[in-house]
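Quick caveat: nothing in here was measured; it's all calculated off a predicted structure. Just so it is clear, the values below take in all heavy atoms, side chains as well, and ignore hydrogens, waters and symmetry mates.
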Amino acid sequence: MTENLLASVEDGVLTLVLNRPDKKNALTDAMYAALADNLIAAEKDPAIRAVVFRGEGDMFCAGNDIADFVAASNDGIAERSVGRFLRALAESSKPLIAAVHGKSVGIGLTMLLHCDQVILAEGAQLIAPFVNLALVPEAASSMLLPARVGHVRAYRIFALGEPVSAADALAWGLANDVVPHADLNATADALARRLAKQPMGALIATKQLMRDPAAIRERLDIENRVFAERLKSPEAQEAFAAFAQRRAPDFTQFG
């Protein structure tokens, strides 16, 4: 466990809180490991009947820690704790609920595609900056996002990294409710407790019918391979260097 991820259980609901507000809840390898461990344990524990994700501070999640991106250039997603987390998300059969406020970036967006209910606070923004970093989407989002919002919207989200407003996310089917920030956690908690009281066997069977875990795992493997290649590319090295030097990257030097 890590102090940057808080876990608690009440009334059959496991609440996982991203607790790195000074870094905008950017996810480290240790945080991915803790998230994966909790999801895997929850899957095996009949006392846990729903899972809620939320974030401390002024935003839900800034995505992957850039330092970890650089370190990952020596291996790949599947070989790091993020790979375990993504597989645990894909294979979770219990209700997953996300309470999102502020910005939700990178995996902060793509993990929502694996959640069964997504509650957004007013003013929330969803951002996928993968191409801006010379990378590609992950978490099977290259399959799940177009299926959810259509090709042209998904392409623009990925290709330009433009923020998706809470209102658009709701209209496009990326969220099922937008509430005032003050009501966000209570709304998510109440929904999780309602789901926890439902017949779990029927809920699990319903979710299995609605998803294709084999196709998701296959897409995860494909994305991981391409992502690892992109991490080692000159474009990605320029993106990371520009980020560290607080300047705009110059991708025109590459073919």
Would you give me the side-chain donor-acceptor pairs under 3.5 Å for residues 170-180, sequence neighbours excluded?
from, atom 1, to, atom 2, distance (Å)
Asn176, OD1, Val118, N, 2.8
Asn176, ND2, Gln117, OE1, 3.1

**Nearest-0.5 Å distance that lies between atom CD1 in Ile119 and atom CG in Leu184** = 7.5 Å
**Request:** Write down the atom of Ala134, the atom of Ala236, and the distance for their closest heavy-atom approach.
**Result:** CB-N, 3.5 Å
**Shortest non-hydrogen separation from Cys115 to Ala98 and the atoms involved** = SG-CB, 3.9 Å
**Message:** Are the side chains of Leu96 and Met111 in contact, using a 4.5 Å heavy-atom criterion?
**Reply:** no
**Request:** Look up atom CG in Asn25 and atom CG in Asp58, then write down how far apart they are to the nearest 0.5 Å.
**Result:** 8.5 Å
**Request:** To the nearest 0.5 angstrom, please state how far the CZ atom of Arg153 sits from the CZ atom of Phe158.
**Result:** 14.5 Å
**Residues Arg247, Glu238: salt bridge by 4.0 Å N-O rule** = yes
**Prompt:** Is there side-chain contact between Val100 and Leu112, with at least one heavy-atom pair below 4.5 Å?
**Reply:** yes
**Request:** Return yes if some donor-acceptor pair links the side-chain N/O of Asn4 with the main-chain N/O of Met31 below 3.5 Å, else return no.
**Result:** no
**Asked** So if you build clusters from Ile, Leu, Val, Met, Phe, Trp, Tyr with side-chain heavy-atom gaps below 4.5 Å, do Leu160 and Phe243 land together?
**Response** no
**Asked** Is it true that Glu3 and Arg20 make a salt bridge, defined as a side-chain N closer than 4.0 Å to a carboxylate O?
**Response** no
**Asked** So if you build clusters from Ile, Leu, Val, Met, Phe, Trp, Tyr with side-chain heavy-atom gaps below 4.5 Å, do Leu191 and Val17 land together?
**Response** no
**Message:** Thr110 vs Glu138, test: side chain to side chain donor-acceptor pair (under 3.5 Å). Steps then yes/no.
**Reply:** CA-CA 7 Å; Thr110 58; Glu138 32 78 312; 2.7 Å; yes
Which side-chain N or O atoms in residues 201-217 pair as donor and acceptor under 3.5 Å with protein atoms at least two apart or in another chain?
from, atom 1, to, atom 2, distance (Å)
Thr206, OG1, Ala202, O, 2.8
Lys207, NZ, Ser92, O, 3.2
Lys207, NZ, Lys94, O, 2.9
Lys207, NZ, Asp116, OD2, 2.8
Arg211, NH2, His114, ND1, 3.0
Asp212, OD1, Ala214, N, 3.3
Asp212, OD1, Ala215, N, 3.3

**Request:** Determine whether more than 12 heavy atoms belonging to other residues, nucleotides or ligands lie under 6.0 Å from atom CZ of Phe251.
**Result:** yes
For a quick test of your reading: what N or O donor-acceptor pairs under 3.5 Å do the side chains of residues 46-55 make, sequence neighbours left out?
from, atom 1, to, atom 2, distance (Å)
Arg49, NE, Ala196, O, 2.5
Arg49, NH2, Ala196, O, 3.4
Arg49, NH2, Gln198, O, 2.8
Arg54, NE, Asn185, OD1, 3.4
Arg54, NH2, Asp189, OD1, 2.7
Arg54, NH2, Asp189, OD2, 3.0

**Complete:** What one should report as the nearest heavy-atom pair of Ala169 and Leu120 is CB-CD1, 3.6 Å
**Message:** So does Ile127 get a backbone contact from the side chain of Glu162, meaning a donor-acceptor N/O pair under 3.5 Å?
**Reply:** no
**Item:** Distance, nearest 0.5 Å, that separates CG of Leu220 from CD1 of Ile222
**Value:** 9.5 Å
**Request:** Go through the steps to decide whether Asp29 and Ser81 satisfy the test side chain to side chain donor-acceptor pair (under 3.5 Å), and finish with yes or no.
**Result:** CA-CA 6 Å; Asp29 193 69; Ser81 297; 3.3 Å; yes
**Request:** Could you tell me how the ring of Phe130 sits relative to the ring of Phe227: parallel (under 30°), tilted (30 to 60°) or perpendicular (over 60°)?
**Result:** perpendicular
**Request:** Show the numbers, then the answer: is there a side chain to side chain donor-acceptor pair (under 3.5 Å) between Ser93 and Glu43?
**Result:** CA-CA 7 Å; Ser93 65; Glu43 188 70 10; 2.6 Å; yes
**Check: Glu223 side chain, Ala139 main-chain N or O, donor-acceptor pair, under 3.5 Å** = yes
**Prompt:** Is it true that a side-chain atom of Ser141 and a backbone atom of Leu145 form a donor plus acceptor pair closer than 3.5 Å?
**Reply:** no
**Main-chain N/O of Met59 paired with His101 side-chain donor or acceptor, under 3.5 Å** = yes
**Message:** Test side-chain contact (heavy atoms from CB on, under 4.5 Å) on Val152 and Arg156; report intermediate values, then the result.
**Reply:** CA-CA 6 Å; Val152 293; Arg156 185 160 183 166; over 6 Å; no
**Complete:** So CG of Asn64 and OG1 of Thr28: to nearest 0.5 Å the spacing works out to 8.5 Å
**Over all atoms of both residues, closest heavy-atom pair of Pro129 and Gly106** = CD-N, 3.6 Å
**Request:** Would you confirm whether Glu10, through its side chain, and Thr15, through its main-chain N or O, come within 3.5 Å as a donor-acceptor pair?
**Result:** no
**Gap separating the CG atom of Asn38 from the CG atom of Leu5, nearest 0.5 angstrom** = 6.0 Å
